[in-house]
2 protein chains.
Amino acid sequence: MATLEDIARVLGVTKGTVSKALNGAVDVSEAMRRSVVETAVELGYSRPRRGDEAPRIAVFITNMAYARPEDFGYDILVGFRKLAEPAGYQVQVIPLSIELEEDIPYEQYMMRHHYLGALFLGLSLRDPWLRDFETCTSPTVLYDNHVTGNPRVTYVGADNGEGLRLAVQYLKGLNHRNIGYLSSALGAYVYRQRYDAFFQAMRDNHLPCGRKQARNSFHQHICLDEHLPALLKQGCTAILCSHDTLACAVLERCREQGIRVPEDVSVLGFDDLPLCETCRPPLTTIRQDRTELGKSAYCALASQIEGVAPSTFLLHTELIPRASCANAREGELTIDN
Amino acid sequence: MATLEDIARVLGVTKGTVSKALNGAVDVSEAMRRSVVETAVELGYSRPRRGDEAPRIAVFITNMAYARPEDFGYDILVGFRKLAEPAGYQVQVIPLSIELEEDIPYEQYMMRHHYLGALFLGLSLRDPWLRDFETCTSPTVLYDNHVTGNPRVTYVGADNGEGLRLAVQYLKGLNHRNIGYLSSALGAYVYRQRYDAFFQAMRDNHLPCGRKQARNSFHQHICLDEHLPALLKQGCTAILCSHDTLACAVLERCREQGIRVPEDVSVLGFDDLPLCETCRPPLTTIRQDRTELGKSAYCALASQIEGVAPSTFLLHTELIPRASCANAREGELTIDN
């Protein structure tokens with residue numbers, strides 16, 4: 001374990017300067033602070049905690065609102081806090097931006113701000129820190145993202161395999177055999193998981209399933225203008241969507257085109273966002289309990305801190321039946337288009 | 001929440017009889033005890049704990065030795081106890097048998113013996129309790145088995161997807177492009193997971209992979225007599241095996257037939273059993289840390305008891321390079337057979 005002296009020796013400065021730099025004193029230049037933190041990370045220095053200070057956990061949130069109860073991140077954060085704070089942790093929410101990530105490597109940020117561990121909500125593939133997660137040593141939990149081979153990083157999310165199995169089983173019970181899958185682009189880890197899980201669920205339920213029964217695009221208008229009509233033309237009696245907002249857009253498009261849901265086609269979403277209850281007809285979906293997800297994220301981080309290295313922590317899903325699914329229609333669907 | 005009175009009313013007996021039956025008093029007939037426990041389970045009664053009694057957790061072990069340090073279950077049990085006992089739980093090991101499972105439903109067994117939760121090591125598809133897990137209400141953790149849709153059951157195991165990705169990446173780095181996969185029968189959940197993960201890993205690494213590159217059988221002699229020669233004939237320069245004991249049998253078969261490992265063919269296992277170090281040549285494998293698995297099982301059960309319902313808790317894997325893998329040979333392999 002490196003000491004303050006080791007860092008001072010490497011940099012050729014006094015131990016006092018190192019200490020001040022690590023503690024954020026104003027009379028140390030930004031350049032010196034950066035050198036000290038970089039050297040500390042390289043040498044594997046870890047700062048002892050003062051006895052009276054609650055250990056700090058960072059929750060990074062990006063591209064994802066969390067301030068109001070109807071926002072996706074809100075419940076996750078509430079669930080996380082519900083377990084973390086009684087356990088004695090101080091939870092701080094930090095908006096994540098490309099600028100921040102380009103400015104300082106992840107591990108250095110964690111050390112500079114004395115965070116013991118972190119939860120990330122809403123990372124995208126463009127985030128520069130994604131690469132840092134391959135080698136970081138701070139306990140780190142990623143919502144809906146997986147990193148291979150680093151024991152310090154845990155993926156937390158819903159059990160997409162189970163969710164798709166529940167959805168396909170349910171539709172099969174309503175006599176649907178020709179089920180289409182409509183997805184956002186597969187670059188996002190979670191959409192790739194659900195896409196693969198769809199094929200697996202069809203196989204497990206002994207339903208025929210060619211590659212063309214699952215279609216995806218980054219652009220919602222391509223999903224609606226090209227993929228949806230193609231699936232209907234292939235005779236699909238049910239459309240399973242990768243997430244609720246896409247499913248709601250499908251409902252709206254069907255209404256515009258005089259296609260009746262659920263009489264002509266059943267539609268199913270994933271996530272159980274609040275809008276599922278207010279859209280027309282209300283959307284049958286796979287629920288991922290967001291408060292429970294937040295609690296799971298805490299359990300995963302606590303395991304990390306205890307020295308157990310979970311790779312993946314998935315939460316059970318539940319099928320919520322509403323009005324957008326019914327028995328499969330018999331015969332052809334005629335669309336005026 | 002049902003009370004002793006509710007049970008007594010349903011059965012038309014006194015509250016004292018119910019209490020005695022639940023506490024295993026000798027002056028209650030076996031038939032009455034069974035009726036009381038069955039009714040208690042049906043009504044959702046849960047027995048209050050006496051203040052001085054440590055809560056009990058059952059570890060069911062079947063078909064799997066655990067008494068000696070070289071046994072597979074031993075380390076898992078040690079890991080589990082390491083976290084469970086300091087947390088105040090009493091851990092009891094129970095040998096699982098078809099007879100026991102046929103004699104009494106799972107939920108009734110748990111209630112009769114006052115277990116708060118359970119871990120299962122080594123279930124097979126023939127176990128009658130497998131069906132009970134679909135609806136049970138006791139917190140239950142299954143090693144290497146997954147049950148869809150019951151929030152009270154958690155699957156704990158190694159991250160097979162990560163393990164296969166690490167293995168394929170490693171072989172690709174050694175210039176292997178034609179990689180074969182040899183597996184035990186896919187009826188076991190874990191072997192099905194690894195089989196699917198092999199194809200996924202090949203796709204992720206942009207390596208060509210037809211269905212015939214992965215072969216499986218319940219019978220090891222079919223794997224060795226038919227599948228192994230077929231894979232070698234297809235030009236595979238590396239054989240990835242679903243588990244170490246199969247990989248070691250492959251090593252032996254190669255030695256018998258004058259096929260040099262790793263010069264002619266590289267062989268990789270999965271699990272990192274102690275025999276990997278003693279076989280010839282020592283076996284490169286994917287490690288699942290058994291002590292950590294036991295700790296994970298405890299973390300999963302503790303989450304359940306806290307009211308968070310994990311579906312899946314996977315542990316990170318690690319590639320352990322030994323002497324059974326080397327750079328891919330160039331050109332054809334001639335086998336005297």
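In what follows, chains are A, B, ... by sequence order, proteins preceding strands, each numbered from 1.
Side chain of B:His316 to backbone of A:Val153: a donor-acceptor contact under 3.5 angstrom is found.
Of all residues spanning residues 157-173 of chain B, those with a heavy atom less than 4.5 Å away from chain A's heavy atoms are B:Asp159, B:Glu162, B:Arg165, B:Leu166, arranged by number.
Proximity to chain B is absent for every atom of A:Asp289, based on heavy atoms less than 4.5 angstrom apart. The contact between A:Glu292 and chain B is made by backbone and side chain atoms together, counting heavy-atom distances below 4.5 Å. In this structure, no portion of A:Leu319 lies under 4.5 Å from any heavy atom of chain B.
Counting heavy atoms of neighbouring residues, nucleotides and ligands inside a 6.0 Å radius, atom CZ of A:Arg322 exceeds 12 of them. The 12-atom threshold is not exceeded at CZ of A:Arg131, counting heavy atoms of other residues, nucleotides or ligands nearer than 6.0 Å. Around the CZ atom of B:Arg81, the shell of radius 6.0 Å holds more than 12 heavy atoms that belong to other residues, nucleotides or ligands.
At a threshold of 4.5 Å between non-hydrogen side-chain atoms, the residues B:Leu83 and A:Val308 count as touching.
In this view, B:Ala326 and B:Pro262 satisfy the side-chain contact (heavy atoms from CB on, under 4.5 Å) rule, not counting sequence neighbours.
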**Study point:** Derivation of the side chain to side chain contact (heavy atoms under 4.5 Å, CB included) call for B:Phe313 and A:Cys299
**Key:** CA-CA 11 Å; B:Phe313 194 117; A:Cys299 290; over 6 Å; no
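The CG atom of B:Asp196 lies 13.5 Å from the CZ atom of A:Phe199; values are rounded to the nearest 0.5 Å.
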